[in-house]
Number of protein chains: 2
Amino acid sequence: MAAMTWQAVQAEALRRIRAREWPPGARIPDEEDLARELGCARATVNRALRDLAEAGLLERRRKAGTHVALTPVRKATFEIPIIRQDIESRGQTPGYRLLSRSLAPAPAPVSALLRLPADAPLLHVRALHLADEAPFCLEDRWINPAAAPGVETADLTTISANEWLVRNTAFSGGDIDFGAVAADAGTAALLGCAKGAALFEIGRTTWAGAQPITAVRLTYGPGYRMRTAI
Amino acid sequence: MAAMTWQAVQAEALRRIRAREWPPGARIPDEEDLARELGCARATVNRALRDLAEAGLLERRRKAGTHVALTPVRKATFEIPIIRQDIESRGQTPGYRLLSRSLAPAPAPVSALLRLPADAPLLHVRALHLADEAPFCLEDRWINPAAAPGVETADLTTISANEWLVRNTAFSGGDIDFGAVAADAGTAALLGCAKGAALFEIGRTTWAGAQPITAVRLTYGPGYRMRTAI
DNA sequence: CAGTGGTCTAGACCACGGT
DNA sequence: CCGTGGTCTAGACCACTGT
């Protein structure tokens, strides 16, 4: 039982959960008891079980102890790459075309999303991302210039707003949502698909503390699927 | 500088990254130096920076030291709840209707996905999930009976296969993909939407080690959006 | 080879929250 | 109140991996 790493402890705990030695809902031994049983320090057990708790397989509460979760909520994590990198990772050649760029008051839904006054002038950028010369993804973005100093003079014809913002602003958090939309006429023309086609769409807003940076809607060409492992 | 918790260290590191005191690409001080500077143990610094590295903001390599990531890849995590819980969390009343259930050889795409022989008999379950009596999500699932002992006699009219599997099998991993599809006639009828409507779809395969458990396709009603925070 | 992160230990104190 | 997990410490050894 020598050389008990936290990974080994975690693996053993996982085994017991899966083998129902620790059935769902059951309380498992103390960190101290486990440490003694497995021949390692309590900190090592803590490290192992903390991750399992974060993964949703265990529930830990002071005094109440550690219990096996009744309904293990699986958590998946996926990366949000720069679109160019996404295309490259598919083995295709990325391309980029700036469609339009203007400073204008944002429409109500956008300014509401960013919690800005309705008439606040935002930078509106629309661009098309290409993979091997074919339309890949349509980007429709509103940027709060106050949160992105320099963006008004940035050259967004060669570098996407996405990339510029990642490199030049410090954002702390945001929201994402995924859904499906039917292609309207304009979108269909740009993406080279039929009007009404089912398209995958990602919406994202990002913040620097309480200050809104940008709201973006990415509409992908037909057949696009986002993949990840759990 | 007393009472330096790992959260405080992490916050300070984040601040320096955002303030460009540690600009993108720069090498930051050793754990030991930071510990001395901030007045805490090296383990505390390690704990703080490890999380930032996992989040993609830092890159850590032995000997090479710790560097601020050039292109911070944002990682989002989202939970994969049991559909019933998803509906409940929206403040709606979940409902469930088993549509069909049969033991049959899986079609080629499914058996290939699960890496099973083409003629392997799988349990095919189709069900409709309701929210406040309205169609919410269509579930089309193939289950490997060998990996889910007891499923053949389970009563899937009151509990969804999803829920039964979560409670009765021990899965270790899987894949997920998201996309958009146009509703075919059958799907449209069941979900109460127009044929051709853009629908959000989640595909998932899960495994117990090398043994495939189930492949499922969830097709959500129009307008559904999956949300999460980063 | 040597510097740096990764991890383990033994002990300590603290914070939360059931009883 | 007091058991349990959460965290900090000081020191040690190990495992990569650039040089």
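Here is the naming used below: chain letters follow the sequence lines, and residue numbers restart at 1 for every chain.
- In terms of phosphate contacts, T44(B) brings a side-chain nitrogen or oxygen within less than 4.0 Å of OP1 or OP2 of dT9(D).
- A salt bridge does not link R217(A) with E139(A): every distance from a Lys NZ or Arg NE/NH1/NH2 to an Asp or Glu carboxylate oxygen is 4.0 Å or more.
- For N46(B) and dG6(C), the shortest distance from a side-chain N or O to OP1 or OP2 is below 4.0 Å.
- One atom, NZ of K63(A), and another, P of dC2(D), lie 9 Å apart when rounded to the nearest Å.
- Side-chain contact of D140(A) with H124(A): a donor-acceptor pair under 3.5 Å is present, judged by distance alone.
- With dT19(C), dT7(C), dG18(D) as the candidates, the nucleotide lying closest to the side chain of Q7(A) is dT7(C).
- Rounded to whole Å, atom P of dT4(D) lies 11 Å from atom CZ of R36(A).
- In this structure, T66(B) reaches the dG5(C) phosphate: one of its side-chain N or O atoms is under 4.0 Å from OP1 or OP2.
- The ring of Y220(A) has its center no closer than 6.0 angstrom to the ring center of F178(A).
- In this entry the distance linking CZ of R62(A) with P of dT7(D) reads 7 Å, nearest Å.
- Taking side-chain N and O atoms only, R60(A) has a distance below 4.0 Å to OP1 or OP2 of dG6(D).
- Electrostatic pairing of R167(A) and E163(A) counts as a salt bridge here, judged by a charged N lying under 4.0 Å from a carboxylate O.
- Closest approach to the D30(B) side chain among dA2(C), dG5(C), dG17(C) is made by dG5(C) (side chain taken as heavy atoms from C-beta onward).
- Here E59(A) lies out of heavy-atom contact (under 4.0 Å) with every strand.
- Ring centroids of Y96(B) and H129(B) are separated by less than 6.0 Å, placing the two rings close together.
- Between the P atom of dC8(D) and the CD atom of E31(A) lies a distance of 14 Å, rounded to the nearest Å.
- Counting atom types as modelled, R42(B) pairs a side-chain N or O with a base atom of dG6(C) as donor and acceptor under 3.5 Å.
- At dT7(D), one or more side-chain N or O atoms of R47(B) fall inside 4.0 Å of OP1 or OP2 (strictly under the cut-off).
- Counting to the nearest Å, the P atom of dA2(C) and the CZ atom of R61(B) are 21 Å from each other.
- Each of R50(A) and R27(A) lies near DNA chain D, and the nucleotide nearest R27(A) is the one positioned closer to the 5' end.
- Remark: C1' of dA2(C) and CD of E32(B) are 14 Å apart, rounded to the nearest angstrom.
- When the C1' atom of dC8(C) is taken as reference, atom CH2 of W6(A) falls 13 Å away, rounded to whole Å.
- Rounding to whole angstrom units, CE of residue M4(B) and C1' of dG6(D) are separated by 18 Å.
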